Amino acid sequence: MNSLRKYFQLLLLPETAPVGDFIEIDSQRMPVLYRRHARAKNYVIRLQTDRTIKVTLPRRGSMKFAQEFVCSRKPWLEKQWRTLVDRKIPPLTLRPGMEVLFRGKSVFLEVVQRGENWEMLLEDQCFAIPSPEGDLRPLMESHFKKLARAELVLRVEQLASSHGSTIRRVVVRNQKSRWGSCSRSGTISLNWRLILVPAMVSDYIIIHELMHLRELNHSTRFWSEVERVCPNYREAEDWLKSNSGRVGF
Ligand SMILES: [Zn+2]
């Protein structure tokens, strides 16, 4: 009777508290959550759409075995991850302690309390937030948008003057799938997400758009102008191709 009750308790509360762990997949640090399940017969690994890895252990399974199992399945997880990136899954809920891309580096997001107030810390950035609860992504993004507006406009002015370009207007926007554009009337639009990428990459995007002020197409003449001003532009293009999943495109 006692063991029967215990069995039902396990069925009702099948999961133990998850144990925090991380695994590096395709240079991203992904959280691994281990859960015990009373009725699980095997160890099961799942890469979830919120970009966490869930591992189910049998009731009497070994945690050490589960961890080794995750490591041994790394190539498979990397393949799964690429599939998820290609499906353009929505960005995961942002919480303290998680990593975000900022100026081309992975940085940890921290939240600290100062008296009654909360602050978010990200590398050299520190700004007030109303609460540490819930998804911090919208707060972080609105801070990044302000930062991008100030920094990118200044950088366009610097690069335009050193390459002899005359700019009419620069706007920083929230484009869904492009880094920048240049209109016939000479307005340069830039994506605020350029704040997330390395300076070498965002400079290339700005130069690319500045060169469109001369050539509003992608002709051979345009590319040779880009290469003259930005000789390492292919390196920047490669970075963008291999990191599109990390910037939320
Ligand atoms: Zn272009």
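Whatever order the structure lists ligands and atoms in, that order sets their numbers, starting from 1. Starting from 1, each residue takes its place in the sequence as its number. Bear in mind the structure is a predicted one, so any value in this text is a computation, not a measurement.
- Relative orientation of the His212 and Phe222 rings is parallel, given thresholds of 30° and 60° on the angle between their planes.
- Applying the side-chain contact (heavy atoms from CB on, under 4.5 Å) test between Ser189 and each of Glu209, Arg178, Gln175 identifies Gln175 as the sole match.
- Taking Gln158 as the reference, Arg155 meet the side-chain hydrogen bond (donor to acceptor under 3.5 Å, both in side chains) condition, with sequence neighbours excluded.
- In the hydrophobic clustering (ILVMFWY side chains linked at under 4.5 Å, chained through shared members), Leu216 stands by itself.
- For a distance threshold of 2.8 Å, the protein N, O or S atoms nearer than that to the Zn ion (ligand 1), listed by chain and number, are His208 NE2, His212 NE2, His218 NE2.
- For an aromatic pair to be called close, the ring centres must be under 6.0 Å apart, and His208 with Tyr233 fails this.
- The side-chain hydrogen bond (donor to acceptor under 3.5 Å, both in side chains) check on Glu227 picks up Arg234, with sequence neighbours excluded.
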